[in-house]
Number of protein chains: 2
Amino acid sequence: MFPQTIDGIKDHLKTKGIKPSLQRVKIYEYLITHRSHPTIDEIYNALADELMTLSKTTVYNTLNLFVEKKVAIVILLEENETRYDADVSNHGHFQCIECNKVLDFNYDLAQHPIKDLEGHMVTEYHAYMKGVCNDCIKSKKEC
Amino acid sequence: MFPQTIDGIKDHLKTKGIKPSLQRVKIYEYLITHRSHPTIDEIYNALADELMTLSKTTVYNTLNLFVEKKVAIVILLEENETRYDADVSNHGHFQCIECNKVLDFNYDLAQHPIKDLEGHMVTEYHAYMKGVCNDCIKSKKEC
DNA sequence: GTATCTGCAAAACATTTGCAATTCT
DNA sequence: AGAATTGCAAATGTTTTGCAGATAC
């Protein structure tokens with residue numbers, strides 16, 4: 001599903017019109033190897049050790065570029081918290097309100113025609129849910 | 001669907017555990033008479049003339065209270081933009097990427113069981129789409 | 001050598017907090 | 001009077017912008 005090698009990542013980015021700089025490749029690699037839908041902060045903190053001079057501005061620039069070039073999508077689940085996902089296919093997200101974990105789920109809204117939207121041109125589909133994940137349900141029962 | 005009178009609004013807020021102060025009643029009235037899913041700024045600007053001393057803090061406080069007491073929901077459609085809706089039922093939102101208008105649509109995600117989420121407890125359902133509304137499609141054709 | 005990319009510092013916004021003044025009962 | 005609410009000013013946090021230096025082709 002995702003490129004498996006650094007060269008694969010470079011080729012993928014090039015195909016999408018993105019020059020594969022070190023920072024961009026590392027950020028994309030982080031996104032595809034950490035499917036937790038990280039925030040800018042999480043990405044920055046994770047890579048700052050390895051890329052000593054990395055700045056948050058670059059992380060912002062890069063993710064804005066990724067979204068514009070459609071190699072990543074923005075995930076909105078909470079106010080004041082923008083998360084990113086390298087899986088650009090139509091799928092849903094479930095966030096646990098106890099542990100804040102985000103799970104993907106298979107669901108393509110585009111497959112469900114909506115009467116109220118006839119006549120409009122739909123280009124993006126988003127579905128998300130919140131609740132308590134099974135891990136947190138278990139931990140609660142133990143108390 | 002929504003209370004039709006000021007007294008109706010007061011009763012509704014009281015039922016939900018909210019003391020109906022002037023500011024709260026006016027903000028709730030604005031929400032149910034302007035179904036455009038306004039931002040804090042839009043609500044503040046719309047009411048500032050009438051409520052001379054209204055502060056943005058009060059608009060923030062009030063909407064946080066409304067969400068907590070479940071008389072309004074947060075609508076996330078864009079980064080850094082929180083919108084509010086007094087319709088707390090499960091339904092979807094469509095935003096036009098040309099004119100930014102937000103339309104409601106009838107769609108209850110809760111009616112669509114998701115295999116990947118078996119074992120988790122889902123308490124909130126959100127669906128939204130983006131695209132170009134029919135008004136903007138028409139204006140484009142005219143050019 | 002010219003374009004682009006990076007990263008610092010500052011600016012721009014959105015939201016929250018602390019607290020004093022006001023309102024309501 | 002006592003409790004809750006309002007609203008100002010300051011603080012916090014996130015994202016963008018301007019620009020100078022570094023990098024790539």
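Just so we're on the same page: letters track the sequence lines, and every chain starts at 1. Excluded from the calculations below are hydrogen atoms, water molecules and symmetry mates; all remaining heavy atoms, backbone and side chain alike, are included.
Distance CD1 (A:Ile27) to C1' (C:dG7): 12 Å, rounded to an integer number of Å. Distance CG (B:Leu65) to P (C:dT16): 13 Å, rounded to an integer number of Å. As a whole-Å value, the separation of A:Met52 CE from C:dC8 P is 11 Å. Rounded to whole Å, atom P of C:dC5 lies 10 Å from atom CD1 of A:Ile18. We find that CG of A:Leu22 is positioned 11 Å from C1' of C:dT6, with the value rounded to whole Å.
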Cut-off 3.5 Å, no hydrogens considered: what does the side-chain donor-acceptor table look like for residues 110-119 of chain B, sequence neighbours left out?
unit_1, atom_1, unit_2, atom_2, d
B:Gln111, NE2, B:Asp108, OD2, 3.1
B:His112, ND1, A:Tyr107, OH, 3.4
B:His112, NE2, B:Tyr107, OH, 3.4
B:Asp116, OD2, A:Asn106, N, 2.6

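Taking every nucleotide of DNA chain D with any atom under 4.0 Å from a non-hydrogen atom of chain B, the first and last of them, 5' to 3', are D:dA4 to D:dT15.
Using Watson-Crick or G-U wobble geometry with both donor-acceptor distances under 3.5 Å, C:dA14 finds its partner in D:dT12. Across the strands present, D:dA1 finds its partner in C:dT25; the criterion is a Watson-Crick or G-U wobble pair with both atom distances under 3.5 angstrom.
Taking the six-membered ring for Trp and the full ring otherwise, A:Tyr28 and A:Phe66 have centroids separated by under 6.0 Å.
The side chain of B:Thr57 lies closest to C:dG18 when the candidates are C:dG7, C:dG18, C:dC5.
Looking at which nucleotide of DNA chain D each of A:Lys56 and B:Arg24 is closest to, the 5′-most match is held by B:Arg24. Nearest-nucleotide positions on DNA chain D place B:Lys19 closer to the 5' end than the other of B:Lys19 and B:Thr58.
A salt bridge links B:Glu81 with B:Arg83; the closest basic N to acidic carboxylate O contact falls under 4.0 Å.
Residue B:Tyr60 has no polar side-chain atom (N or O) positioned under 4.0 Å from OP1 or OP2 of C:dT16. Put simply, B:Asn64 has a side-chain N or O that comes within less than 4.0 Å of OP1 or OP2 on C:dT16. Contact check, B:Ser21 against C:dT23: no side-chain N or O comes under 4.0 Å of OP1 or OP2.
Side-chain polar atoms of A:Asp41 and A:Thr39 form no donor-acceptor pair below 3.5 angstrom. A donor and an acceptor atom, one from each side chain of B:Asp85 and B:His91, are located under 3.5 Å apart.
B:Gln23 comes within 4.0 angstrom of the backbone, heavy atoms only, and of no base.
Hydrophobic clustering of Ile, Leu, Val, Met, Phe, Trp and Tyr side chains at less than 4.5 Å, counting indirect connections, keeps A:Val102 apart from A:Tyr125.
Atom NZ of B:Lys130 has more than 12 heavy atoms from other residues, nucleotides or ligands within 6.0 Å.
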